[in-house]
2 protein chains.
Amino acid sequence: MADTGATGGESLLFLTDEQLRKGIEAMFFAYRGFTADPDRILGQHDYGRAHHRAIHFVHRQPGLTVTTLLAVLGVTKQSLNRVLRTLIEDGLVESRVGRKDKRERHLHLTPAGAALERELSEAQRVRMRAAYRAAGPQAVAGFRQVLEAMMDTDMRRHYQMLRDGA
Amino acid sequence: MADTGATGGESLLFLTDEQLRKGIEAMFFAYRGFTADPDRILGQHDYGRAHHRAIHFVHRQPGLTVTTLLAVLGVTKQSLNRVLRTLIEDGLVESRVGRKDKRERHLHLTPAGAALERELSEAQRVRMRAAYRAAGPQAVAGFRQVLEAMMDTDMRRHYQMLRDGA
DNA sequence: ATTTTATGTCAGCCTTGTTGACTTTCCAAG
DNA sequence: CTTGGAAAGTCAACAAGGCTGACATAAAAT
């Protein structure tokens with residue numbers, strides 16, 4: 001039981017290994033809840049989590065290129081391509097040749113893709129909304145602060161870009 | 001920018017779809033950071049994330065039974081067994097027949113297992129500590145509140161049991 | 001004209017999840 | 001004491017979604 005190793009009045013008890021451990025376990029269990037609802041819906045449509053991620057970011061940034069999506073998702077092009085191909089074949093995503101640079105493919109959701117996106121994100125928002133409401137605005141602000149500080153620098157760049165409006 | 005501090009007037013601006021979306025994306029990007037450091041270490045040892053999870057909870061609750069671990073991890077017994085078997089073969093985990101109920105196997109880390117656990121958890125703590133420090137104690141409290149509210153009921157039970165001391 | 005970039009594709013491999021079937025051991029209730 | 005069910009383990013087969021490496025094409029940039 002350490003006492004307040006205070007630096008400048010700040011109690012540092014929240015930095016004990018014990019506190020950190022609780023945060024680590026909270027992340028583990030919460031992430032499961034976070035993905036549970038979309039996963040159920042995806043299962044019905046014969047898709048997986050990877051499809052969800054692609055759909056999410058195409059929705060968020062309509063017209064983004066494959067390279068950009070690759071960077072945001074942090075997977076290999078072969079991995080993404082497998083997912084993207086099925087989404088295009090199934091008519092959920094449209095791939096348009098770039099006007100300025102014809103090598104680029106700009107990705108958009110079709111109406112069907114947008115419909116699935118809404119279904120997935122609404123399910124996720126329902127849980128998120130309940131959690132936010134239960135915890136309150138102050139807690140939510142802290143939640144976002146800690147998560148942001150936890151990101152890798154590259155990922156934080158992408159996050160902030162989307163956060164502040166693409 | 002909205003004033004989020006209200007408690008009596010209760011500004012509900014933090015529950016907008018926009019705010020929820022930011023939280024969702026924060027979870028996605030942060031979880032990647034959360035697992036990045038252990039993943040690197042696991043790769044060197046020829047293990048995966050599943051091994052990490054098993055090691056973590058065996059460390060947390062020494063002597064827990066396979067059934068309990070199964071419930072905490074939320075995977076099938078076949079899936080867990082594959083991982084557990086390699087850990088036992090490699091001498092990181094020990095499986096002891098229950099004294100009271102001889103059907104049960106009680107799991108413990110060997111010294112080698114405990115060493116890997118420390119390596120993994122210390123890496124994870126370093127990042128967590130930095131994030132906590134950057135965000136401050138209030139933010140950390142909020143972080144934990146929101147995560148807890150996000151869990152499925154079953155998982156919250158496990159979380160709280162560990163949180164309050166097994 | 002040459003090099004580089006963006007994209008896509010084939011092939012193969014690994015981890016980690018799943019279902020289903022079946023066995024052994026052992027506790028506990030009838 | 002018998003029997004039903006629980007705890008654990010195993011085999012087989014399959015799928016999602018990561019990965020590497022090699023290679024091809026079109027178009028931009030130098």
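Here the structure is a predicted model, which means the values were calculated and not measured. In what follows, chains are A, B, ... by sequence order, proteins preceding strands, each numbered from 1.
Here A:H51 reaches the OP1 or OP2 of D:dG17: one of its side-chain N or O atoms lies under 4.0 Å away. Between A:T76 and D:dC19 there is a side-chain N or O to OP1 or OP2 distance below 4.0 Å. For the OP1/OP2 pair of C:dG17 and a distance below 4.0 Å, the side-chain nitrogens and oxygens of B:R53 include at least one atom meeting the criterion.
Between the CG atom of A:D101 and the P atom of C:dT4 there is a distance of 17 Å, given to the nearest Å. Remark: C1' of D:dG17 and CZ of B:R32 are 14 Å apart, rounded to the nearest angstrom. Rounded to an integer number of Å, the gap from B:L84 CG to D:dG9 C1' is 11 Å. As a whole-Å value, the separation of B:L80 CG from C:dT15 P is 16 Å. The interatomic distance linking A:D46 (CG) with C:dT18 (P) rounds to 17 Å, in whole Å. Atom NZ in B:K102 sits roughly 19 Å away from atom C1' in D:dG9 (whole-Å rounding). Here the P atom of nucleotide D:dG18 and the CG atom of B:L42 are 17 Å apart, to the nearest Å. B:I55 places its CD1 atom 15 Å from the C1' atom of C:dT16, with the value rounded to the nearest Å.
Among the nucleotides C:dC10, D:dC11, D:dA7, the one closest to any side-chain atom of B:R103 is D:dA7. In this structure, of C:dG8, D:dA7, D:dG9, it is D:dG9 that holds the atom nearest to the side chain of B:S95.
Map A:V83 and A:R99 each onto its nearest nucleotide of DNA chain D; the residue landing nearer the 5' end is A:V83. Checking B:N81 against A:K77, the closest nucleotide of DNA chain D that is more toward the 5' end is the one next to B:N81.
The salt bridge (Lys or Arg N to Asp or Glu O under 4.0 Å) contacts involving residues 20-32 of chain A comprise A:E18-A:R21, A:R21-A:E25, A:E25-B:R60, where partners must be two or more places apart or lie in separate chains.
At the heavy-atom level, B:H106 lies nowhere under 4.0 Å from the strands shown. In this structure, A:R82 reaches the bases: a heavy-atom distance under 4.0 Å links it to at least one base atom across the strands shown.
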Determine, stepwise, if the pair A:E94 / A:R96 fulfils salt bridge (charged side-chain N to carboxylate O under 4.0 Å, His left out). CA-CA 6 Å; A:E94 198 190 341; A:R96 303 183 195 155; 3.4 Å; yes
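A:Y159 and B:F29 have perpendicular rings, their planes meeting at more than 60° on a 0 to 90° scale where under 30° would count as parallel.
When each of B:F34, B:F57, B:Y31 is paired with A:F28, the ring pair (Phe, Tyr, Trp, His ring centres under 6.0 Å) condition holds for B:F57 and for no other.
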Please report, to 0.1 Å, the donor-acceptor pairs under 3.5 Å made by any side chain of residues 75-85 of chain A, with sequence neighbours excluded.
residue	atom	partner	partner atom	Å
A:T76	OG1	A:S79	N	3.3

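The base of C:dG20 lies close enough to the side chain of B:Q78 for a donor and an acceptor atom to sit less than 3.5 Å apart.
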